[in-house]
Amino acid sequence: MKLLTKLTLFITLSKLVIVALFVALLPSLIEKIAFQYTNYYLREQKKKVLNVVSRNGVDFYLQGDSSYGSYTMLKEEYISLEPTKLETPIDTIETSKRIVESDTLNYRVLSHTFVYNKKNYILEIGKTTATINQYNDDLQRVALYVLIVLVVITIVTDLIFTRFLLRPLGLIIKTKLLNRRFPFKEHIQPIKTSTQDFKLLDESFINLMDQIHETFEKEREFTANASHELMTPISILQTKMENLMVESELDERLQSRLLEMMKTLNRLKKIVHSLLLISRIENEQFARSGSSNVKDLISDIVEDLEHRLDEKNLKITVHVSPTTIIKNINNDLIFQLFYNLINNAIRYNKPNGSIEITDTLGKDFYSIHVKDTGIGIPEDEIPTIFNRFKKANRSGNEGYGLGLAIVKSIINYHSLELKVDSKAGEGTTFTVLFPSFMTEN
Amino acid sequence: MKVLIVEDEKTLAEEMETFLKKAFYLCDCAPTGKEALEKIGVNEYDFILLDLGLPDIDGLELLQQAKKYATEAAFIILTARGNIEDRIQGLDLGADDYLPKPFSLLELQSRMHAISRRKYGVQDKLTELGEFKIDLKKRLVIHNTNEIELSRKEFDLLSYLLLHKNRPLTRMQLSEHIWGNFADDDYDSNYIDATIKNIRKKLSAFGNTEWLETIRGVGYKIKLR
C-alpha cells in the first residue's frame with residue numbers, strides 16, 4: 001500500500017472513531033450538564049425565596065394560611081412552603097414523584113428547612129425532569145452537525161497537507177525508481193524540497209545511480225578496448241599458424257600439435273568476439289528498425305543447426321504462428337538470440353531427447369518458448385546463468401560461457417523479458433516475451 | 001594479380017604477403033596511409049587490402065582518396081574496429097568486401113577469388129579433379145557426360161578445398177567457412193567428416209577420388225599436381 005493511501009486511511013479512520021465516540025457519549029454528557037444546571041437554578045431560586053422571607057417575613061408567602069403553594073401553568077415548576085415538625089435540618093436535591101392536581105409527575109426537587117420566629121418551615125422547589133431534558137435532542141443535533149463539519153474540514157486540510165508533504169517522495173519514486181533502466185545513462189536533476197529526509201534520499205539515489213553508471217561505463221570501455229587490442233595479436237598468430245601449416249618440413253606429429261594451438265586460438269578468438277559483441281550491444285551500436293517473421297526466423301535457425309540435432313538424434317517440433325511478425329528489432333541480434341537458445345537446447349540435451357518451440361499470444365505479450373529435455377538447471381543456479389563465463393559444468397561439453405550473457409544483453413537491448421523454468425534432470429524452458437506493440441499478425 | 005597490402009602491423013602484413021605469394025599474387029606492402037597513396041599513384045593494383053586503423057590517415061578517408069586513383073581496383077577492408085557503422089560506411093564508399101579481424105587467410109583468399117569472378121569476370125575454366133571436372137560457376141561436378149549432384153554444403157566444402165588445393169585444411173577451418181562465427185567444434189567437426197564421406201561416396205560411384213586426402217588428426221586436403 002502506498003504511504004499516502006496509508007496516511008489517508010489512518011487520518012480518516014481516526015477521526016471517524018473520535019466522532020463515533022463523541023456521538024456515543026453525547027446524550028449522557030448533555031444530560032449531566034442539564035441536571036447540573038437545574039441544580040444550580042433550583043439553588044438560585046431557593047436563595048431568592050430566603051431573601052424575600054428574611055426581608056418581608058414568612059407571612060409574605062403564607063398570608064395567614066398555614067401553607068403556601070404555587071405552580072406554573074403547565075406544572076413545569078412548583079414551589080411550596082409549610083411549617084414542619086422535622087427537627088433535623090435538610091438541604092437536598094433529588095428526583096422524586098409529586099402529585100400536582102392529581103397529575104403524578106417526575107420532579108427534580110430541592111428540599112430545604114429553615115427556622116423563622118422559632119418555627120421550622122420546609123421549602124420545596126421543583127422542576128419537572130421533562131423540562132430539564134427538553135433541549136437535549138436539539139443540543140445533540142447541533143453538536144453533531146458542528147462536529148461533522150469540523151471533522152470534514154480537518155480531514156480535508158490534513159489530506160491536502162500530507163499530499164503536499166509527500167509530493168517530493170512521489171517525485172523521487174517517479175523520476176529515480178520507475179521507468180529507469182540499467183545502466184541509468186541519463187543524469188536526472190535533484191528534486192526541489194525543503195524536507196531534509198527527502199533531500200538526503202534523493203541525493204543518495206542520484207549518487208548511487210551515477211556511480212553505477214560510471215562503473216558500468218568503465219567496464220564497457222575496458223571490454224571494448226581490450227577486445228580491440230586483442231584482435232591484432234590474435235590475427236598475427238592465426239595467420240602465422242596458417243602459413244606454418246603448409247611448411248614442407250612439417251611432419252604429421254607437428255601438424256597435429258599445431259592444430260591444437262589453432263583450436264586454442266580459435267577459442268580465444270570466440271571469447272573476444274563474444275565480449276566485443278556484448279559491449280557493442282550495450283553500446284547501442286545496432287539499429288532496431290528491422291522486422292522478422294517468427295516462423296521463418298525459427299526455420300532458418302533450425303536448418304542451420306540440423307546437423308547438430310542429427311548428431312544427438314534429437315527430435316525438434318516447431319509450432320509457431322506462421323503469420324506473426326516481430327518488429328522494431330535488430331534482425332541479426334534476434335537471430336543470434338534464438339540461435340543461442342536453441343543451440344543451448346541442443347548442447348545441454350540428452351541423446352534422443354526432444355526440443356519444442358511454441359508460441360502463445362497473450363493480451364500484453366507475445367511469447368516464444370524453447371523447451372528442451374536436457375540436463376536442466378538446479379534452482380540455485382538459475383539467477384547466475386546469465387553471468388559471463390558461467391556455464392553448466394556438469395555436461396562435460398566445452399562451452400564458452402558467453403552464450404546466455406549475449407542472450408541477456410540482446411533481451412535488455414530490445415526491452416524484452418526472459419523467463420527461465422527449469423527442473424534439474426528434466427529440462428529447461430526459456431520463454432522470450434515480446435510486448436504486444438512489437439508484434440503484428 | 002597485383003595486391004597492395006595496407007597494414008601498419010608489420011608481422012601481419014608479412015604473413016599476408018607470404019600467403020598470397022604462394023597463391024601466385026604479386027604483393028606490395030604499405031605500412032602508412034601516405035605510402036599507400038604514393039604506391040597507388042604509381043602502380044596499378046587489382047586488389048587493395050585496407051586496414052582501417054592506420055597511424056596517419058583514417059582508413060575510410062584513405063579509401064575515398066584511393067578510389068580516385070585506383071578506379072579499377074577491388075578494395076577489401078580489414079579491421080579490428082569492426083563496428084557496424086564502419087562496415088556500412090566502408091561498403092557505401094565503394095569497398096568490395098569487409099573482413100573483421102581476426103580473419104583467416106584462407107577466407108581472405110576465398111573472398112578475393114569471389115571478387116575476381118564477380119568483378120573481373122575471371123571465368124573459371126573447368127577445373128580438373130582427377131577424372132572429374134568442376135564448374136564453379138554452375139556449381140557442378142562432371143564426370144565424362146554425367147552431372148553429379150552435390151548438396152549446397154557439399155559443394156561449398158569441395159570448392160573451398162579446391163581453392164586451397166595442396167594445403168591441409170582443418171575441420172575447424174572448414175566449419176568456420178561454412179558457419180562463420182557460429183561454428184562449434186564439438187558438433188561441426190563431425191558434420192565435416194560426414195559431409196566429406198558423402199562427397200566421396202557420391203563421386204566414387206563414377207571414378208577415383210584419391211585426390212581427396214584425409215590427413216590424420218588434422219583434416220583434409222585436395223592433392224593436385
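In what follows, every chain begins at residue 1, and chains take the letters A, B, ... in the order their sequences are listed.
For chain A, the nearby part of B/K22 is the side chain; its heavy atoms alone come within less than 4.5 Å. For B/E14, no part lies under 4.5 angstrom from a heavy atom of chain A. Only the side chain of B/I215 comes within contact range of chain A, judged by heavy atoms closer than 4.5 Å. No part of A/M241 comes within reach of chain B, as not one of its non-hydrogen atoms sits under 4.5 angstrom from that chain. Both the backbone and the side chain of A/I236 come within contact range of chain B, each with at least one heavy atom under 4.5 Å from a heavy atom of that chain.
The neighbour count for B/K34 NZ, taken as heavy atoms of other residues, nucleotides or ligands under 6.0 Å away, does not exceed 12. For A/K327, the NZ atom sits in a packed shell: over 12 heavy atoms of surrounding residues, nucleotides or ligands are nearer than 6.0 Å. Counting heavy-atom neighbours within 6.0 Å of B/E149 CD, excluding the residue itself, gives a total of 12 or less. Annotation for B/E210: atom CD does not count as buried by contact number, only 12 or fewer foreign heavy atoms lying within 6.0 Å. Atom NZ of A/K350 sits in a crowded spot, with more than 12 heavy atoms from other residues, nucleotides or ligands closer than 6.0 Å. Within a 6.0 Å sphere centred on NZ of B/K165, heavy atoms belonging to other residues, nucleotides or ligands number 12 at most. Heavy atoms from other residues, nucleotides or ligands lying under 6.0 Å from CD of B/Q65 number more than 12. Under a cut-off of 6.0 angstrom, the local environment of CZ in A/R257 is sparse, with at most 12 non-hydrogen atoms contributed by other residues, nucleotides or ligands.
Side-chain contact check for A/M245 versus B/V218: some heavy-atom pair is nearer than 4.5 Å. A heavy-atom distance below 4.5 Å is not found between the side chains of B/R216 and A/Q255. The side-chain heavy atoms of B/E15 and A/Q238, taken from C-beta on, include no pair separated by under 4.5 Å.
Contact between A/E242 and B/R167 at its shortest, heavy atoms only, is O-NH1, 3.0 Å. The two residues B/P102 and A/S235 come nearest to each other via the heavy atoms CA-OG, 3.1 Å. Closest approach of A/D304 to B/W179, counting heavy atoms only: O-NE1, 3.6 Å.
To the nearest 0.5 Å, atoms NZ (B/K21) and CG (A/N243) are separated by 12.0 Å. For the atom pair B/E9 CD and A/M231 CE, the distance stands at 14.5 Å (nearest 0.5 Å). Atoms CG and OG, on A/N266 and B/S175 in that order, are 8.0 Å from each other to the nearest 0.5 Å.
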Next item on the list: I would like to know whether A/K240 and B/L12 meet side-chain contact (heavy atoms from CB on, under 4.5 Å); could you show each step before the answer?
Entry: CA-CA 8 Å; A/K240 273 192 185 295; B/L12 187 56; over 6 Å; no
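Taking a cutoff of 4.0 Å between a charged side-chain nitrogen and a carboxylate oxygen, B/E176 and A/K269 qualify as a salt bridge.
With respect to chain A, the highest number of heavy-atom pairs below 4.5 Å among B/M16, B/R171, B/K101 belongs to B/K101. Here B/T170 is the residue among B/T195, B/T170, B/I178 with the most heavy-atom pairs under 4.5 Å with chain A.
Aromatic ring pairs are classed by plane angle as parallel below 30°, tilted from 30° to 60° and perpendicular above 60°; the pair B/Y191 and A/H307 is tilted.
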